[in-house]
Protein chains: 2
Amino acid sequence: MTQTYSISDLARELDITTRAIRFYEEQNMLSPERRGQERVYSPRDKVILKLILRGKRIGFSLAECRELIELYDPGHGNRKQLETFLDKITQRRAQLAQQLLDIEQMQIELDTAEERCRTALEQTN
Amino acid sequence: MTQTYSISDLARELDITTRAIRFYEEQNMLSPERRGQERVYSPRDKVILKLILRGKRIGFSLAECRELIELYDPGHGNRKQLETFLDKITQRRAQLAQQLLDIEQMQIELDTAEERCRTALEQTN
DNA sequence: GCTTACCTTTACGTTAACGTAAAGCAACCC
DNA sequence: GGGTTGCTTTACGTTAACGTAAAGGTAAGC
């Protein structure tokens with residue numbers, strides 16, 4: 001049998017609230033099975049959640065995260081759809097490249113900020 | 001004389017609204033000079049705005065951006081302050097490192113997504 | 001049979017980061 | 001002097017992404 005999770009299992013493991021998980025479902029980013037009333041999550045659901053969290057860490061909106069999820073299995077797309085998918089992939093790549101530049105630049109600024117802090121600290125001695 | 005800018009100069013050049021610029025001032029992230037009623041911005045103000053925009057591109061909140069700005073000139077800090085600055089710098093570095101990992105991972109996923117798109121496209125031929 | 005621990009739905013509340021509209025001053029153009 | 005352009009302040013509106021009750025269902029343990 002393939003592994004399943006309760007909602008609080010996932011909440012604990014991924015360090016988010018159950019409310020957040022239900023919210024993502026409301027936004028059609030998840031559709032877990034049900035056993036009676038209760039939600040039952042699959043490994044795939046967990047992967048999607050991780051995608052969402054990773055997206056959020058680099059500042060993606062949930063709408064953007066949903067796009068990423070749609071890219072995750074493009075099987076059901078017609079020609080037109082697939083081509084817009086490829087477009088979106090290209091755009092995302094450009095965005096990620098820009099973010100890499102931004103991060104590098106910020107690391108440099110943190111370096112000089114640390115420098116200045118340290119010399120200022122020496123002044124106080 | 002050192003260069004100055006009007007609010008719409010900066011808005012045009014940095015591609016944001018004047019409302020946003022005024023809002024950042026409300027949040028104590030800018031404090032431009034005044035000529036009569038009008039705001040007059042210095043090159044330093046422009047640097048700060050760029051810091052903000054860069055921060056936003058990688059998902060920082062304005063509160064986080066303000067911290068970065070404070071790190072930008074730590075001259076006026078006492079010992080205690082300077083040490084918390086160094087702490088914050090360390091934290092930011094860790095966050096940036098995590099973001100780098102996230103971006104790399106996403107690039108990989110975009111690669112495989114593109115693969116799947118292309119093979120799916122070939123199916124439609 | 002009562003408590004405790006999870007689960008559910010419904011619904012209103014909250015915060016961040018501006019958007020948008022209203023109303024008005026100052027300078028230049030014709 | 002009337003209109004346009006660009007600046008100002010004040011203030012209410014909006015969206016995203018949940019938080020936070022409230023009210024209740026179910027199964028386990030004592």
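Because only heavy atoms are used, hydrogens play no part in the values below, and waters and symmetry mates are left out as well, while side chains stay in. Order of the sequence lines fixes the chain letters, A, B, ..., with proteins taken first and strands second; residue numbering starts at 1 for each chain.
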**Q** Is A:R92 positioned over the aromatic face of A:F60, cation under 6.0 angstrom from the ring centre and no more than 45 degrees off axis?
**A** yes

**Q** Between A:R39 and C:dC7, is there a contact of a side-chain N or O with OP1 or OP2 at under 4.0 Å?
**A** no

**Q** With a 4.0 Å cut-off on heavy atoms, is B:R35 in touch with a base, just the backbone sugar-phosphate, or nothing at all?
**A**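 The answer is nothing, as B:R35 stays clear of every strand by at least 4.0 Å.
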
**Q** Do B:Q98 and B:D102 get their side chains close enough for a donor-acceptor pair, meaning under 3.5 Å?
**A**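 Yes, because at least one side-chain N or O of B:Q98 sits under 3.5 Å from a partner of the opposite role on B:D102.
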
**Q** Give the residues of residues 6-24 of chain A touching DNA chain C, defined as any heavy atom closer than 4.0 Å, sorted by residue number.
**A** A:S6, A:I7, A:S8, A:R19, A:R22

**Q** Between B:R116 (side chain) and A:Y72 (backbone), is there a donor-acceptor pair under 3.5 Å?
**A** yes

**Q** Could you tell me if B:Q91 and B:D87 have a donor-acceptor pair between their side chains, going purely by distance under 3.5 Å?
**A** no

**Q** Is a donor from one side chain sitting under 3.5 angstrom from an acceptor on the other, for A:D45 and A:S42?
**A**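 Short answer, yes.
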
**Q** Identify the 5'-most and 3'-most nucleotides of DNA chain D with at least one atom closer than 4.0 Å to a non-hydrogen atom of chain A.
**A** D:dA17 to D:dT20

**Q** Between B:Q37 and B:I52, just flag the one whose closest nucleotide in DNA chain C comes earlier from the 5' side.
**A** B:I52

**Q** Give a yes or no answer on whether the side chain of B:Q107 reaches the backbone of A:R93 with a donor-acceptor pair at less than 3.5 Å.
**A** no

**Q** Any non-hydrogen side-chain atom of A:K56 less than 4.5 Å from a side-chain atom of A:L62?
**A** yes

**Q** Does atom CZ of A:R35 have more than 12 heavy-atom neighbours, drawn from other residues, nucleotides or ligands, at distances under 6.0 Å?
**A**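 No, the 6.0 Å shell around CZ holds no more than 12 heavy atoms from other groups.
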
